Structures are given as structure tokens and as C-alpha cells.
Undergrad: 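Just passing along the structure, written as C-alpha cells.
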Amino acid sequence: MKVKQLLLGDEAFALGAIEAGLSGAYAYPGTPSTEILEFVQQNQLATERRIHSRWSSNEKTALEEALGMSFCGKRSIVSMKHVGLNVAADPFVNSAFTGVNGGMLVVVADDPSMHSSQNEQDTRFYADFAMLPLLEPSTQQEAYDMAAAGFELSERLKVPVVVRFVTRLSHSRAVVTSVENPRPENPLSYPADPRRWVLMPGNSRVRYKQLIAEQDLMVDEAERSPFNRWNGGTDTRLGIAVSGIAANYLDELFPGGSCPFPVVKIAQYPLPVKMLGRLAETADRIVVIEEGQPYIEQHLRGTLDNGAVPIHGKLDGYLPRTGELTPDDVRSAIRRLAPWLVTIDDVTAKSASEIVAPRPPALCQGCGHRDVYDALNEVLARYDSPKVFGDIGCYTLGWLSPFNAIDTVVDMGASITMAKGAADAGQHPAVAIIGDSTFTHSGMTGLLDAVNENTPVTIIISDNLTTGMTGGQDSQGTGKLEDICRGIGVDPAHVCTIDSHPRNHADLTDLFAREIEYQGVSVIVARRECIQTARRHAKQKKQ
């Protein structure tokens with residue numbers, strides 16, 4: 001019998017992939033995508049089948065590993081947050097040229113409102129740029145269903161398929177019904193056309209023309225997709241194009257399918273142009289409701305906005321351009337565009353809670369990063385204009401009070417390279433602070449640049465023995481950091497390790513002071529286990 005489970009959107013997709021014959025899951029942890037790989041790691045069927053589910057060093061390596069599994073005919077997924085796709089962009093775009101053998105899904109979780117991210121970029125533009133199909137679930141059940149459908153689409157078109165999540169879907173729960181008989185894994189097989197997997201210019205030119213020619217097939221798939229739906233309405237004074245999580249907000253406004261306007265729900269891309277053309281022919285004006293950037297709206301304005309059919313949405317202020325959409329945003333836009341619809345007044349706006357106090361992020365009590373910043377601030381107070389270049393992780397919170405210890409945070413690995421660039425400009429002290437997981441993600445290449453010029457930079461690897469910010473996943477560099485730094489070429493005399501415990505404060509400040517004055521590359525590994533994982537490990541030992 002079919003099983004019903006209460007699942008996060010991330011978990012629903014992961015379960016769908018496992019039961020659709022998944023052989024390998026690859027990822028680097030990043031909110032809000034982390035739970036996808038974690039679910040695979042904990043799932044009983046995945047364990048029985050020995051599905052690969054280890055964390056990768058970064059998103060680029062994860063995507064390439066998933067592509068390698070696809071080359072061998074197996075079904076694979078690679079998951080990441082939206083900014084992670086920037087890291088994986090090179091193999092991602094090129095994978096459209098190589099195509100796939102076994103089905104491959106590139107799962108990207110966008111973060112509107114930047115709950116834990118540097119920007120609000122929209123993955124739909126990346127899929128469009130790479131000329132690849134994209135699926136966008138609006139419910140947890142669709143997330144589950146789209147895993148199997150995505151694999152089938154990928155193997156039918158012989159290209160990777162992108163699946164776009166957003167924070168609100170990834171991290172909310174709903175009941176999901178799963179299949180009775182999980183599909184077996186694909187057998188080992190190899191590409192029928194191996195030439196396309198070698199991206200030499202002669203092959204790539206041929207493949208590029210083929211990819212362009214295949215766009216019509218991808219649009220046809222979208223037109224026939226069961227996930228893209230037309231719902232007719234009797235009031236044609238307004239038409240609605242809606243996608244993803246925003247479809248739920250429209251349903252809240254018009255429960256039980258009571259929307260009086262014609263609606264096109266979009267969940268598979270490229271855009272279903274015939275379906276949208278029908279909407280333009282039917283409605284006097286169109287409002288586009290979508291989470292993220294105005295992707296659909298821009299495309300409609302480019303093809304349909306000839307003055308006869310006005311297009312409304314984020315670009316003209318009917319919906320907010322930044323942050324997450326809310327049901328109240330949708331209600332406000334519909335009310336402005338359809339003032340004659342008096343029933344909409346029955347749906348009252350929900351004001352923000354006045355009893356929930358703001359809880360700004362802060363480093364945990366007992367966190368080793370705190371002691372690193374205390375010592376670093378004490379030493380840097382001796383200089384006129386010290387600069388500390390930060391990175392992405394728990395220790396980013398050192399920018400906040402009471403530490404106020406960081407001058408820049410840009411992207412994964414930028415601490416080391418920016419410190420090097422500042423030192424090249426004559427800045428002293430130029431200090432980089434980076435975590436152990438971020439160092440192996442994208443800090444090692446910057447360290448090699450510094451080593452090759454013996455740049456006078458001080459690099460602090462604040463090693464908490466885990467990937468702490470996303471919940472305590474394994475860190476690729478655990479037990480290897482000093483060897484990696486020496487192997488890259490840092491003078492062994494200036495690869496220093498210290499326990500960042502309060503009792504070692506004096507030793508820590510002395511070490512920082514000495515190495516900052518060294519006119520070359522210095523790496524200090526300040527090590528203390530994350531307080532959260534330490535508690536978890538202590539609890540496990542007692543059991």
C-alpha cells in the first residue's frame with residue numbers, strides 16, 4: 001500500500017529520487033538545500049541499496065561527480081543552494097553540451113529574502129542561460145513527483161534537468177504520498193555517442209547547434225507537461241500567470257479552485273509559450289505572480305507586451321521586487337487590479353506577530369570562534385589600520401557586536417584572496433579568517449597564490465572540526481589541514497596549531513602577534529570542536 005509521510009520539501013524530493021532509482025547523491029551543505037543529502041544518508045532504502053551519499057568538497061566537484069555517475073548510466077542528483085551554482089557554473093553550463101547518459105538532476109534551493117545568503121539570485125535565469133529544462137514544484141507532493149518525472153525527462157532529452165526550490169518550500173512540511181514499488185537502479189551502461197563527452201572545439205560546435213535545435217523539443221515537453229496547467233475562468237478582465245510556491249498563495253486567496261480568472265500555473269520550463277499565448281488572447285491584462293526575480297514577467301513583456309495586453313507584476317510595482325512573497329502581497333495586487341472583486345475583502349491581511357521578539361544570530365556560548373576573535377582584536381588594537389578579511393560560515397558572525405572584528409565578507413574562499421590583494425596593495429596587517437570547511441571548499445587555491453609570491457598575509461583557519469553553520473556535517477579537511485598547507489608550500493615553521501580555549505588566551509595572542517609580523521605567508525590553525533557537535537558526541541557516548 002502507498003505510504004503517507006509528513007516531509008519537508010527537501011525530504012520529499014530526496015525520497016522521490018531514491019524511489020525513482022537514484023544511485024548517487026552529491027552536495028555541499030548550504031541552507032536551504034542541506035536536508036536533501038541528509039535525508040538520503042538516513043533513509044533505509046538508500047542504505048540497503050548503498051546509494052552514494054557523501055558530502056563533496058564544494059559544489060563544482062559535486063556536480064562533476066554526479067555527471068561522472070550519469071556517464072556510467074546511473075541516475076544521480078547534485079544539490080546546492082543558489083550561490084553554490086555560481087561555484088558549479090563551469091561544469092553546469094558545459095553539462096548541457098555533454099548531455100547525460102543516466103538521468104541527472106541539478107537541484108538548487110534559492111533563498112528569497114536572504115535568510116542565510118549573500119544575494120537573492122534566481123536559478124531560472126541560469127537554466128535559461130544553459131538552455132536546460134527546469135522544474136519548479138509548488139508543493140511537497142510535487143517535489144516528490146518531480147524527482148521521477150525529472151529523471152525521465154532527463155533521459156528522454158539526454159540533458160541534465162534543473163529543479164528549483166525556494167526556502168519556504170524546502171523548509172515547510174506537508175503530507176506526501178509515495179509509490180508502492182520503488183523503481184530499481186539503472187544498470188551500468190555507457191554513452192552511445194561518446195564524442196559529445198569530449199568538449200574539444202570541433203565537437204562542441206556540433207553539439208551547440210544540436211542544443212539550439214533541441215530547444216523546440218524542450219518547449220514541447222513543457223506544453224505537454226502535467227505540471228503546467230490551464231485553469232479557465234469566467235472573468236477575463238484579468239489573467240494570472242503563477243509559478244512555484246506562489247501558487248499556494250493564490251490558492252489561499254481563492255480556496256477550493258474558486259478563482260474567477262483564467263490561470264496558467266507554470267512548473268516546467270522553458271516557458272509554455274502556447275499556453276501563455278492563450279492566456280494573452282483570453283484576458284484583458286495579465287498579472288505575473290512568481291517567487292524570486294521577475295523571470296516570467298520579463299519574458300512575457302518581451303513577447304506579449306505590445307500595448308494590447310498589459311503585463312503587471314514586480315516590474316511595475318504591483319508586487320514587491322525584493323524579498324519573499326506573502327499571501328498578503330498577492331491579495332494586495334489582485335485587489336488593485338480587480339477592484340470590482342468584493343469577495344476579496346473577506347480575506348483579511350495577517351499582521352506580523354507582536355509577541356515574538358527578534359532573535360538576531362550570535363555565536364554560541366562556548367564557541368571557539370569567540371576566543372579567536374577576542375585574541376585577534378587584542379592584538380590588532382596595537383596597529384593603526386588593521387584589516388581582517390572574513391569568509392562564509394559561523395565565524396562570519398564575528399562582524400557583529402561585541403566583536404566587530406571583520407571588514408569584508410563576499411563569498412566562499414574570498415578571505416584569503418582578498419587579504420592577498422590587500423597585501424599586494426601595501427596593507428599591513430592583512431589578516432584572513434576562514435573556517436575549516438570553507439578552506440577546503442575554495443580557500444586552498446587562494447593560499448597557493450599567496451605561497452607562490454610569499455605574500456605577507458596571516459591566515460587564520462578557525463577549525464571547529466565540522467561544517468557548523470549548516471548543522472554539523474562532516475568537514476573534508478578534518479585532520480588534514482596542516483598537511484594540506486605544508487603540501488601547498490607554506491613554510492612548515494609558519495604552519496602553527498593552537499587550541500582556541502580561553503585558558504590559552506595568552507598563548508593565542510602571542511602567536512597572533514608573532515605571525516602577523518612575519519613578512520610572508522603564515523597559517524594559524526586555531527582548533528576547538530564546535531560546542532554543538534561536542535555536546536552531541538558527548539550525548540552519544542553516554543547512550
Side-chain angles (χ1 to χ4, degrees), residues 27-31 34-35 37-38 41-42 53-59 61-62 116 361-376 390-398 403 405-406 409 412-413 415-416 431-444 446-447 458-488 490 495-505 507-508 511-512 515 522-543:
Y28 182 82
T31 305
T34 307
E35 290 84 359
L37 187 62
E38 287 185 332
Q41 291 174 330
Q42 298 162 10
S53 57
R54 290 285 299 274
W55 294 104
S56 301
S57 293
N58 63 31
E59 295 85 357
T61 63
S116 58
L363 290 171
C364 301
Q365 294 298 321
C367 172
H369 299 322
R370 285 178 169 269
D371 302 293
V372 168
Y373 285 126
D374 283 338
L376 183 61
D391 226 296
I392 307 298
C394 296
Y395 49 91
T396 308
L397 299 173
F403 305 104
I406 296 175
V409 176
M412 297 282 280
S415 60
I416 296 175
V431 179
I433 185 160
I434 189 169
D436 49 316
S437 183
T438 310
F439 176 72
T440 53
H441 177 285
S442 51
M444 294 187 293
L447 177 59
T458 305
I459 298 162
I460 301 169
I461 303 177
S462 193
D463 179 11
N464 61 3
L465 302 171
T466 190
T467 310
M469 196 171 202
T470 51
Q473 295 78 27
D474 292 340
S475 175
Q476 298 292 84
T478 300
K480 311 179 188 76
L481 294 178
E482 292 88 347
D483 288 342
I484 290 171
C485 294
R486 287 188 289 262
I488 287 173
V490 181
V495 178
C496 311
T497 304
I498 189 168
D499 180 357
S500 53
H501 192 280
R503 65 173 174 263
N504 297 327
H505 179 79
D507 292 337
L508 196 56
L511 179 61
F512 285 167
E515 293 303 316
S522 174
V523 176
I524 300 168
V525 180
R527 179 171 292 126
R528 188 179 177 196
E529 184 179 7
C530 169
I531 190 68
Q532 299 298 334
T533 60
R535 288 170 179 166
R536 193 181 309 159
H537 293 155
K539 185 177 180 180
Q540 290 170 349
K541 288 180 180 179
K542 291 180 180 179
Q543 293 175 346

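Remember, predicted model here, so these are calculated numbers, not experimental data.
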Undergrad: Would you call the rings of Y373 and F403 parallel, tilted or perpendicular, where under 30° means parallel and over 60° means perpendicular?
TA: tilted

Undergrad: Name all residues meeting the side chain to side chain contact (heavy atoms under 4.5 Å, CB included) criterion together with N504; count only those two or more places apart in sequence or in a different chain, and write none if there are none.
TA: D499, H501, D507

Undergrad: Please check if the side chain of E529 supplies one atom and the backbone of L465 the other of a donor-acceptor pair under 3.5 Å.
TA: no

Undergrad: Measuring from atom CZ of R535 to atom SG of C364, what distance do you get when rounded to the nearest 0.5 angstrom?
TA: 7.0 Å

Undergrad: Could you work out, with side chain to side chain donor-acceptor pair (under 3.5 Å) as the rule, every residue matching T458, not counting sequence neighbours?
TA: none

Undergrad: How close do C394 and L363 get, counting heavy atoms only, and between which atoms?
TA: O-CD2, 3.3 Å

Undergrad: Kindly indicate, with the supporting measurements, whether the criterion side chain to side chain donor-acceptor pair (under 3.5 Å) is fulfilled by Y28 and S437.
TA: CA-CA 10 Å; Y28 182 82; S437 183; 2.7 Å; yes

Undergrad: How far does NE2 of H369 sit from SG of C530, to the nearest 0.5 angstrom?
TA: 7.5 Å

Undergrad: S522: which residues meet the side chain to side chain donor-acceptor pair (under 3.5 Å) condition with it, sequence neighbours left out?
TA: E515

Undergrad: Minimum heavy-atom separation for S415 to I434, with atom names?
TA: OG-CB, 3.5 Å

Undergrad: What distance separates D371 CG from D374 CG, expressed to the nearest 0.5 Å?
TA: 6.0 Å

Undergrad: State whether the side chain of N58 and the backbone N or O of H441 hold a donor-acceptor pair below 3.5 Å, judged by distance alone.
TA: yes

Undergrad: Output all residues satisfying side chain to side chain contact (heavy atoms under 4.5 Å, CB included) with Q476, sequence neighbours left out; order by chain, then residue number.
TA: S57, T440

Undergrad: Can you name the nearest heavy-atom pair linking V372 to L508, along with the distance?
TA: CA-CD2, 4.1 Å

Undergrad: Might you point out which heavy atoms bring G443 and I416 nearest each other, and give the distance in Å?
TA: O-CD1, 3.5 Å

Undergrad: Can you name the ring pair (Phe, Tyr, Trp, His ring centres under 6.0 Å) partners of F512, sequence neighbours left out?
TA: none

Undergrad: Rounded at 0.5 Å granularity, tell me how far CD1 in I524 sits from CD1 in I460.
TA: 5.5 Å

Undergrad: Listed by chain and number, what are the ring pair (Phe, Tyr, Trp, His ring centres under 6.0 Å) partners of F439, not counting sequence neighbours?
TA: none

Undergrad: Looking at S442 and M412, would you say the former's side chain and the latter's main chain have a donor-acceptor pair under 3.5 Å?
TA: yes

Undergrad: Work out which heavy atom in G413 is nearest to a heavy atom in T438; give both atom names and the distance.
TA: N-CG2, 3.7 Å

Undergrad: What pair of heavy atoms forms the shortest contact from C485 to V523, and how long is it?
TA: SG-CG1, 3.8 Å

Undergrad: Quick one: does T466's side chain have a donor or acceptor within less than 3.5 Å of a partner on D474's backbone?
TA: no

